[in-house]
Amino acid sequence: MQLSLLPLGSKAKVSKLNVYGNIRRRMLDLGLIPDTTVETVQISPAGDPKAYYIRGAVIALRKEEASKVQVQIL
Amino acid sequence: MGLTKNSTGTSLISSKFNVAVREDDDHIIALAGNPNVGKSTVFNSLTGLNQHTGNWPGKTVTNARGKYNYQGEQFVLVDLPGTYSIMSTSEEEEIARDFVCFAKPDVTVVVADATCLERNLNLTLQILEITKDVVVCVNLIDEAKRKGIVIDIEALSQKLGVPVVATNARKKSSLGNLAQEVHMVANHLKELTPYQVQYDQEIETAIAMIEPTVNSLAGSKINSRWVALKLLDGEDKIISSINDFLENELLNNDILIDPLNQAKQFLAEHEINADNFRDRVVTRIVKEAEKLSAEVVTFTNKEYNKTDRKIDSILTSKVFGIPIMIGLLGAVFWLTITGANYPSAMLANLLFSVEDHLTALFMQVNAPVWLHGMLILGVYRTLAWVVSVMLPPMAIFFPLFTFLEDLGYLPRVAFNLDNFFKRACAHGKQALTMCMGFGCNAAGVIGCRIIDSPRERLIAIITNNFVPCNGRFPTLIAVSTIFIGGLWGSRYNSLAATLAMVAVILLGILMTLLVSKLLSKTILKGLPSSFTLELPPYRKPQFGRILIRSLLDRTLFVLGRAVAIAAPAGIIIWVMANIDIGSASLLTHSALFLEPFARLIGLDGYILMAFILGLPANEIVVPIIIMSYMASGSMLEFDTLRELKDLLIANGWTVLTAVNVMLFSLMHFPCGTTLWTIRKETQSAKWTFMSFLIPTAAGIIVCFIVTQLAHLFGLV
């Protein structure tokens with residue numbers, strides 16, 4: 001599924017990044033490499049962006065980016 | 001150190017980074033680290049107040065520099081922008097990378113957050129690839145302890161092969177070890193065996209194919225393994241920087257072309273292309289950081305960040321998120337306005353009684369009337385107004401604002417507001433640059449560097465002025481307290497003034513969004529780019545530091561600027577008021593000239609002139625208005641703040657005037673410093689002009705509409 005659809009409080013494992021170039025690099029730098037566990041921890045008042053727990057930090061991503069991260073729900 | 005400008009390319013660096021290259025024996029220390037790891041706290045604690053630039057706490061937008069002494073040696077500390085990585089192409093990462101790589105600091109201190117070491121090791125490993133002269137500073141160790149996170153510092157140091165010290169930057173004593181280790185590394189008193197990330201076999205083979213050639217070309221100037229890696233990666237920007245640095249066309253060099261092509265061929269044969277090469281490199285570094293972290297960190301409490309999540313679930317909740325934000329804003333202004341009333345009155349009394357004494361003194365020595373007029377009625381009186389009207393609100397507002405900043409609340413504001421910015425086709429981090437604008441629009445404009453996309457950065461720069469800076473707060477607070485607050489009787493005075501302030505800020509945010517959207521649909525067309533925003537852990541604010549920094553860095557800085565500009569402005573006003581042309585003074589002539597236009601937008605000639613004369617610094621708008629009124633005949637006996645309102649009313653002010661002054665203060669041309677900063681940041685006269693034009697036009701239009709509507713409905 002897409003990371004942007006991961007419900008609040010659920011955990012998932014990253015399987016693939018469907019994005020290239022600089023944004024991909026940026027996501028990798030955040031630690032979004034395959035097999036990384038992520039969790040949706042916060043949803044902003046408007047429903048987007050959402051905040052995810054990634055390798056010890058809470059990172060907010062907009063729907064546009066989070067939907068490019070393919071995850072497998074745990 | 002045997003380093004000369006020519007041998008290291010530091011001439012390039014000094015121009016690029018504006019860093020004074022070492023004075024002979026100084027050691028240059030770079031301070032790198034992720035954002036929000038307390039880098040600035042480490043910087044401030046080490047250097048004390050011995051800094052070159054006033055750096056807004058928490059955000060290093062320019063290279064702040066400071067000096068400190070240790071064991072009789074001088075260390076120059078350079079604060080680099082906080083970055084997660086130095087491999088991407090954002091401007092901040094480039095600055096950090098280029099400094100570590102090309103400015104050749106004697107030591108690079110990597111400040112890491114003990115509460116989330118793994119993420120910080122990522123950057124540490126990248127820096128270790130460039131230089132071995134590294135000291136790792138595991139900061140916030142007390143915070144980690146509180147969260148049940150234990151870090152084996154000794155083991156980490158062993159594994160990384162460089163000194164690692166645990167610090168609690170709040171306790172200055174804990175920085176002793178850091179200074180000690182930096183001293184050791186700077187003087188080469190320590191054996192360093194930096195950790196090398198081992199890449200996949202194919203990549204290692206390719207590196208081995210070109211590294212000897214690179215080494216023969218670059219020698220000891222730069223780490224040849226790292227250069228080899230970048231050459232294989234083929235990232236143009238880094239490679240051209242390396243080329244510049246080596247003053248040598250590395251890529252076109254005959255002896256390198258063949259091995260490089262062979263190595264690339266080899267990688268291609270193993271199905272490694274540009275894209276997955278980077279993937280592999282980054283993935284490996286992240287994995288190594290994970291592995292290292294697992295070996296040295298123990299979590300005794302798995303739920304260590306539960307409290308943060310709980311607070312977040314309230315502060316960013318669907319129902320309460322935005323109301324809490326507005327409520328906090330209101331609370332800050334209410335405390336400021338209520339708290340400032342009394343000290344303001346006291347200061348005014350004090351300063352004006354001094355004026356009487358000074359006048360008596362001038363009389364005694366038979367000083368000429370014009371001298372007394374210029375110095376006392378011009379300069380002193382203006383200064384007295386600036387100080388008594390501005391100092392108390394600032395001394396309350398800035399610590400409160402810094403408190404929220406230190407707490408980590410501002411990123412939550414950005415998180416809450418992001419959707420609005422997205423709909424305005426603007427960047428989410430624009431909310432953060434707006435927050436910086438509350439401090440100073442020039443700082444906000446520089447802060448826009450955190451936005452990578454040029455289009456969105458321009459939008460953020462142009463609209464930054466819709467956030468009232470601390471130069472305009474005094475005008476807003478003075479007018480809302482003295483005038484609008486007074487309308488509802490003394491009981492609701494502060495409350496009404498607070499509501500007026502909150503309304504002004506919200507209008508500013510609304511205008512920001514509106515103008516951003518307009519720009520996105522017209523001259524700066526485009527879609528919102530990607531963004532990531534960290535919501536850092538909440539930190540216990542340090543009250544002592546907040547007080548000192550907000551009072552010294554902000555309050556005194558702004559007040560000093562106001563005083564420096566108000567003094568000559570006081571003379572100009574006095575002179576203009578006392579040079580008569582025909583039947584009226586120069587001041588009156590100028591005001592009369594502006595009057596017809598000013599009336600259309602609900603102001604008067606004096607007010608509009610004050611805004612124009614306030615171009616160097618918005619702080620002096622209210623003082624100029626007061627001076628003009630006083631100089632132009634309505635000489636009231638004028639001792640307390642309360643009489644300010646009488647003066648304004650005597651000069652024809654109504655609620656409508658007050659509202660328009662506040663609106664125009666919110667929306668008019670940026671101050672001189674900000675314009676100059678915009679010119680520098682955008683490198684474009686056109687965008688500087690737009691930044692001047694857009695808020696001014698917005699202000700004129702809004703004030704015109706408000707005024708004409710008020711007249712139409714017979715409200716005034």
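Labels below follow one simple rule: chain letters A, B, ... track the order of the sequence lines, proteins then strands, and each chain is numbered from 1.
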From the list B/Arg412, B/Gln126, B/Lys287, B/Glu290, the residue making the most non-hydrogen contacts under 4.5 Å with chain A is B/Glu290
Okay, B/Asp279 and chain A: the region with an atom under 4.5 Å from a heavy atom over there is both
Heavy-atom check, side chain of B/Arg119 versus side chain of A/Ile54, under 4.5 Å: yes
Applying a strict 4.5 Å limit to non-hydrogen atoms, the region of B/Asp312 in contact with chain A is both
Tightest non-hydrogen contact, residues A/Leu28 and B/Val286, listed as O-CG2, 3.7 Å
So OG of B/Ser313 and CD1 of A/Ile43: to nearest 0.5 Å the spacing works out to 11.5 Å
Separation between CG (B/Asp308) and OH (A/Tyr53), nearest 0.5 Å, reads 10.0 Å
The reported gap from OG1 in B/Thr532 to OH in A/Tyr52 (rounded to nearest 0.5 angstrom) is 13.0 Å
Check: Taking atom CD of B/Glu271 as the centre, does the number of heavy atoms from other residues, nucleotides or ligands within less than 6.0 Å exceed 12?
Finding: no
Okay, B/Glu534 and chain A: the region with an atom under 4.5 Å from a heavy atom over there is both
Correct closest heavy-atom pair for B/Phe415 and A/Lys50 would be CE1-C, 3.9 Å
If we ignore hydrogens and angles and just use 3.5 Å, is the side chain of B/Asn419 paired with the main-chain N or O of A/Asp48 as donor and acceptor? yes
The reported gap from CG in B/Leu117 to CZ in A/Arg55 (rounded to nearest 0.5 angstrom) is 13.0 Å
Item to complete: For the residue pair A/Arg25 and B/Val282, establish whether any side-chain heavy-atom pair is separated by less than 4.5 Å.
Response: yes
Here the pair of heavy atoms bringing A/Arg62 nearest to B/His427 is NH2-C, 3.7 Å
If one checks every heavy atom of A/Glu65 against chain B at 4.5 Å, the contacting part turns out to be side chain
Heavy-atom nearest pair, A/Ala57 first then B/Cys116, reads CB-SG, 4.4 Å
Open item on the list: Using side-chain heavy atoms (C-beta onward) and a distance below 4.5 Å, is A/Arg26 in contact with B/Met87?
Closed with: no
Tell me whether the count of non-hydrogen atoms from other residues, nucleotides or ligands lying under 6.0 Å of CD in B/Glu295 goes above 12.
yes
*For B/Phe320, does the CZ atom sit with more than 12 other heavy atoms under 6.0 Å from it, leaving out its own atoms?*
no
What one should report as the nearest heavy-atom pair of A/Pro45 and B/Ser317 is CG-O, 3.7 Å
Looking only at A/Pro49, A/Gly47, A/Gly31, the option with the highest number of non-hydrogen pairs under 4.5 Å against chain B is A/Pro49
Q: May I ask you to test the B/Arg278-A/Arg24 pair for a side-chain heavy-atom distance under 4.5 Å?
A: no
When the 4.5 angstrom heavy-atom criterion is applied to A/Leu30 and chain B, the contacting part is both
If one checks every heavy atom of B/Thr316 against chain A at 4.5 Å, the contacting part turns out to be both
| said: For B/Phe420, I'd like to know if atom CZ has over 12 heavy atoms of other residues, nucleotides or ligands within 6.0 Å. | reply: no
